[in-house]
2 protein chains.
Amino acid sequence: MAGRKKNTGEAELSAVEDNPLFVGSLQRGFAILEAFGPDAAELGLTEIAQATGFDKSAAQRFAFTLHALGYLEKNPSTRKYRLSLKSLGLSYAYLRANPLIERATPYLADLRRQCRARVDLSLLDDTEIVYAVRLQSRREAFGATLLGRRMPAFCSSGGRAMLSVLDEAEARAIVERSNRRALTPFTLTDPDRIMASIAETRAQGYALSLQECLIGEIVVSAPVVGRNGRPVAAVHIASSLDDHDEAAVREHFAPLARATARLIAGGDTN
Amino acid sequence: MAGRKKNTGEAELSAVEDNPLFVGSLQRGFAILEAFGPDAAELGLTEIAQATGFDKSAAQRFAFTLHALGYLEKNPSTRKYRLSLKSLGLSYAYLRANPLIERATPYLADLRRQCRARVDLSLLDDTEIVYAVRLQSRREAFGATLLGRRMPAFCSSGGRAMLSVLDEAEARAIVERSNRRALTPFTLTDPDRIMASIAETRAQGYALSLQECLIGEIVVSAPVVGRNGRPVAAVHIASSLDDHDEAAVREHFAPLARATARLIAGGDTN
DNA sequence: TTTTATGTATTGCTATGCAATACAAAGGGT
DNA sequence: ACCCTTTGTATTGCATAGCAATACATAAAA
């Protein structure tokens, strides 16, 4: 987590950092919060310093402050810091304030009952999708069931669904600046082939991902389109190939996903 | 949201603020983030200034910075700020890093299948409980289904379950400094009667809340106890009185909740 | 015990971030 | 269409908040 690089262009970012309105301390504080992750659940001061590139003093001050504010807590035995419950507060505020999600939730619950598979709602954030609602089915790999999880848009079903709503050029731009690391042997990584898949998605009104993100998983997604014609979200239905084969998914789940997406779009305010 | 008062004692807080390690800018930044909530989904600069008590300049600088960092986004039409998707990231990191939650999730999913009612896992944070896992059943009021939601411990079933694990004195202290506003006409607000309910909970091994938080809702909860003997979490089973009466809940759900709590506690690392 | 590593506390200096103010750009009433 | 009010954006000199170096304390390791 040390030197994570954004492909969004550092130039633009450092431009904004030079703006006199920019408060560097805030940035550093968040950098420390963001240093905590699945791989780094608990961090000591020196580890924080290492992960962020700050010196010990800076790590100390910011960790101290975040602790005082309640965003970090200390494991008394290891004396290391970890994220605290308060981290959940922001999510709550976000979800609660988001009318799209409020609107979508009951439709997704209905969908979940109809197909008895995992149902997700994802949002597009540049080259990634973020899961905002997840209704899990049976036992899934734990990390895969969490809200806020990010996946690359180019290879996820929901990502392709949303990209298919954009114009060709915009979609291609996103695909091309994505980090197109293959997640499975089935992941398409060639931009042209990805764009072909997106074109197909556009034509049929839904995207289908066959083991492109996870071996054994098949996902259909339909885009939720805003009044302005832009993609707002994607409705996913994910299941195991053990339970449903491609034909069945296309025949039964795809129309359901599309219908749900349309219902959600129905009362859009954007 | 302007002058929210912590009953934890301001003295202690301002003591820490005077520590030279305390970075005030971080505090102000978070104060602005926290100004956003259900009631204040979108805020303009002046509104932010009002809500936080800062002057326009401060509001401007911090909003600018949070925007640059990606935690706030601007509604282009209203020019107001709102929380962005990035808010979900912290939750993800927290949940992902929390072994208790990872461990609990599959057991909760099983429980959900067995009782076909809403199943939640909550954690205790001083006088409040925070929902960390929620497996909803059918349509529920939207806000009630979200992760990160807080409820008073004194009147919630899960809260009483966890309080019942503490010693009498500690539990009473928490109850007494809670803001004991009645949420429904059935909410117990008298400390003595609450303590009696907690004692009963301790005796029977589960807590039962009959419409104390929400009219028409019945909830049983069992505490998850850590190796150190402290309450770690609570397992809730919530259903509507239309579906299940008190006797049925006590007979069928209470044992299930207790069993699940024990399973979760089984491999605790704390 | 000595040694090494890591967390905690202190302090003087200066760059950072502050607040006042000026400017621009929308809304909204008449 | 105008004014006037309101709200967002940009600039700047100055003081203080926050920095980095360093010293001290405490815990694990050898």
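Atom set for the values below is all heavy atoms of this structure, side chains included, hydrogens, waters and symmetry mates excluded. Protein chains get the first letters and strands the later ones, always in sequence-line order, with residue 1 at the start of each.
Among all heavy-atom pairs drawn from A:Ala63 and A:Leu45, the shortest one is CB-CD2, 3.9 Å. Closest approach of A:Leu43 and A:Ala35 over heavy atoms only: CD1-O, 3.9 Å. Taking each heavy atom of A:Pro223 and A:Val165 in turn, the nearest pair found is CB-CG2, 3.6 Å. When all heavy atoms are compared, the tightest approach of A:Thr145 to A:Arg134 is O-CD, 3.4 Å.
As a whole-Å value, the separation of B:Phe54 CZ from D:dT7 C1' is 19 Å. If you take CZ of B:Phe62 and C1' of D:dG8, they are 18 Å apart, rounded to a whole angstrom. In this structure, B:Gln50 atom CD and D:dT6 atom C1' are separated by 12 Å, rounded to whole Å. In this structure, CZ of A:Phe22 is placed 16 Å from P of D:dA10, rounded to the nearest angstrom. In this structure, A:Ile48 places its CD1 atom 13 Å from P of C:dT6, rounding to the nearest Å. Regarding A:Glu17, its CD atom lies at a distance of 15 Å from the C1' atom of C:dG17, rounded to whole Å. Taking atom CD on B:Glu42 and atom C1' on D:dT7, their separation rounds to 15 Å, with Å as the unit. Between A:Asn75 atom CG and C:dT6 atom P there is a gap of 17 Å when expressed in whole angstrom units.
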Nucleotides 20-30 of chain D: which of its N/O atoms have a protein N/O under 3.5 Å away?
{"unit_1": "D:dA20", "atom_1": "N7", "unit_2": "A:Ser57", "atom_2": "OG", "d": "3.4"}
{"unit_1": "D:dA21", "atom_1": "N7", "unit_2": "A:Ser57", "atom_2": "OG", "d": "3.2"}

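Set against D:dT9, C:dT8, C:dT10, the side chain of A:Lys74 has C:dT8 as its closest nucleotide. Minimum atom distance to the side chain of B:Leu45 is reached by D:dT9, of the listed C:dT8, C:dG17, D:dT9.
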Given Watson-Crick and G-U pairs under 3.5 Å, DNA chain C in dot-bracket ([ ] crossing, | other strand) is ||||||||||||||||||||||||||.|.|
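Close placement of the A:Phe30 and B:Phe30 rings is indicated, their centers lying within 6.0 Å of each other.
Taking the six-membered ring where the residue is Trp, A:Phe54 and A:Phe62 present tilted rings, their angle falling between 30° and 60°.
No side-chain donor from either of A:Thr201 and A:Ser164 sits under 3.5 Å from a side-chain acceptor of the other.
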In a table with atom names and distances, give each donor-acceptor pair under 3.5 Å that connects a side chain of residues 66-73 of chain A to protein atoms at least two apart or in another chain.
{"unit_1": "A:His67", "atom_1": "ND1", "unit_2": "A:Leu72", "atom_2": "O", "d": "3.1"}
{"unit_1": "A:Tyr71", "atom_1": "OH", "unit_2": "B:Glu34", "atom_2": "OE2", "d": "2.4"}
{"unit_1": "A:Glu73", "atom_1": "OE2", "unit_2": "A:Arg82", "atom_2": "NH1", "d": "2.8"}

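Heavy-atom distances to DNA chain C give each of A:Lys80 and A:Leu26 a nearest nucleotide, and the one nearer the 5′ end belongs to A:Lys80. Both B:Ser25 and B:Thr78 lie close to DNA chain C; mapped to their nearest nucleotides by heavy-atom distance, the more 5′-ward contact belongs to B:Ser25.
At a threshold of 4.0 Å, the pair B:Asp126-B:Arg177 counts as salt-bridged, since one of the basic side-chain nitrogens sits closer than that to a carboxylate oxygen.
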